[in-house]
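Chain letters run A, B, ... following the sequence lines, proteins first, then strands; residues in each count from 1.
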There are 2 protein chains.
Amino acid sequence: MAKANKQFRFRLWIDVNNEKFFGPGRAELLQLIDQTGSISKAAKSMGMSYKKAWAMVTEMNEYGKSAYVIAKPGGEKGGGAEVTPVGKAVIKAYLKIVGRINTVVEKEKAFLDLI
Amino acid sequence: MAKANKQFRFRLWIDVNNEKFFGPGRAELLQLIDQTGSISKAAKSMGMSYKKAWAMVTEMNEYGKSAYVIAKPGGEKGGGAEVTPVGKAVIKAYLKIVGRINTVVEKEKAFLDLI
DNA sequence: CATCGTTATGTATTACTATACATAACGCAA
DNA sequence: TTGCGTTATGTATAGTAATACATAACGATG
């Protein structure tokens with residue numbers, strides 16, 4: 001038998017009023033919307049249904065400090081979506097914290113031999 | 001409206017061969033088994049079905065470096081379960097890492113104002 | 001004014017997870 | 001040898017989350 005592959009996995013969320021509000025899924029979705037300019041393309045790209053992606057965007061816009069995504073139907077390319085500066089700031093800060101946690105976790109790899 | 005309550009939540013798991021192996025649920029279960037000396041009491045105490053708790057114990061014993069829990073049916077009090085030294089070491093180390101992540105996250109609270 | 005790809009929204013179905021329930025085995029002690 | 005509380009195990013049910021599917025609206029552009 002080959003040596004077992006052991007690794008850490010962690011997830012960070014932000015709760016608002018004790019309800020999940022923002023986490024890895026939404027962070028990835030926001031990044032993909034930013035890259036593709038479209039909720040539907042972003043959703044497909046990460047293997048998520050459009051409906052779920054749309055619901056996430058709606059909830060972020062509703063409960064966030066201000067809208068994270070501006071989406072418009074119709075027009076030149078049928079419409080599209082754009083991540084607002086607030087949305088971009090949230091992504092950036094979230095990724096920064098995740099990076100710091102990752103640094104901590106990397107230092108603890110010796111623990112894996114215990115498992 | 002009252003000021004929204006925002007807080008971080010994170011979870012840490014250890015994957016073995018890319019499958020979830022150990023995480024917060026199992027850590028809590030192990031601690032409760034250690035405290036109560038019984039899988040069933042531990043399960044009830046954390047609102048988990050005995051069947052699930054038992055399955056977790058079995059999987060930990062099967063895929064861990066060595067058994068984390070020794071369980072015995074029958075006997076004085078009907079039987080019981082004990083966390084092995086290896087199991088205790090895993091709990092302790094896991095909690096230590098979680099504590100370190102918590103320290104990092106605490107320092108980032110300013111981020112929450114952005115949400 | 002027809003076309004296009006997207007946003008927007010509702011309903012039905014599937015997939016998964018966990019619980020609920022039921023039952024047997026176990027081994028000490030009275 | 002009966003009773004006890006636990007471990008051990010299978011099957012059925014329920015609860016939830018996600019997808020799948022279907023349809024309408026939208027607005028620039030040719």
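For B/K6 (side chain) and B/I115 (main-chain N/O), a donor-acceptor pair under 3.5 Å exists by modelled atom type. A/K65 contributes a side-chain N or O that, together with a main-chain N or O of B/D113, makes up a donor-acceptor pair within less than 3.5 Å. A donor-acceptor contact shorter than 3.5 Å is absent between the side chain of A/S38 and the backbone of A/G80. Not a single donor-acceptor pair under 3.5 Å links the side chain of A/D34 to the backbone N or O of A/K88. Between the side chain of B/S40 and the backbone N or O of B/Y50, no donor-acceptor pair lies under 3.5 Å.
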Evaluation steps, side chain to side chain contact (heavy atoms under 4.5 Å, CB included), between A/R9 and B/L12:
CA-CA 6 Å; A/R9 180 205 318 193; B/L12 174 73; over 6 Å; no
Steps toward side chain to side chain contact (heavy atoms under 4.5 Å, CB included) verdict (A/F111, B/I14)
CA-CA 10 Å; A/F111 166 54; B/I14 290 90; 3.6 Å; yes
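Contact annotation: A/W54 reaches the phosphate of C/dA8 (side-chain N/O to OP1 or OP2, under 4.0 Å). OP1 or OP2 of D/dT6 sits under 4.0 Å from a side-chain N or O of B/K41.
Partner of B/N5 under the side-chain contact (heavy atoms from CB on, under 4.5 Å) criterion, chosen from A/V16, A/D15, A/N17: A/N17. Screening B/W13, B/Y94, B/Y63 for a ring pair (Phe, Tyr, Trp, His ring centres under 6.0 Å) involving B/F22 leaves a single residue, B/Y94.
With the nearest nucleotide of DNA chain C identified for both A/Y50 and B/S49, A/Y50 has the one nearer the 5' end.
The C1' atoms of five pairs define one axis at each end of the helix from C/dC1-D/dG30 to C/dA30-D/dT1, and these two axes lie 10° apart (to 10°).
At a threshold of 4.0 angstrom between heavy atoms, the contacts of B/K51 include nucleobase atoms, whether or not backbone atoms are also involved.
Listed by residue number, A/P73, A/G74, A/G75, A/E76 are the residues of residues 68-78 of chain A with a heavy-atom contact under 4.0 Å to DNA chain D. The stretch residues 24-40 of chain A touches DNA chain C through A/S38, A/I39, A/S40, each having a heavy atom under 4.0 angstrom from the strand.
Atom pair A/E62:CD and C/dA8:C1' shows a separation of 15 Å (rounding to whole Å applied). Remark: P of D/dA20 and NZ of A/K44 are 11 Å apart, rounded to the nearest angstrom.
Few gaps surround CD on A/E108; more than 12 heavy atoms of other groups in view lie less than 6.0 Å from it.
The line from CD of B/Q7 to CZ of A/F21 is 14.0 Å long, rounded to the nearest 0.5 Å.
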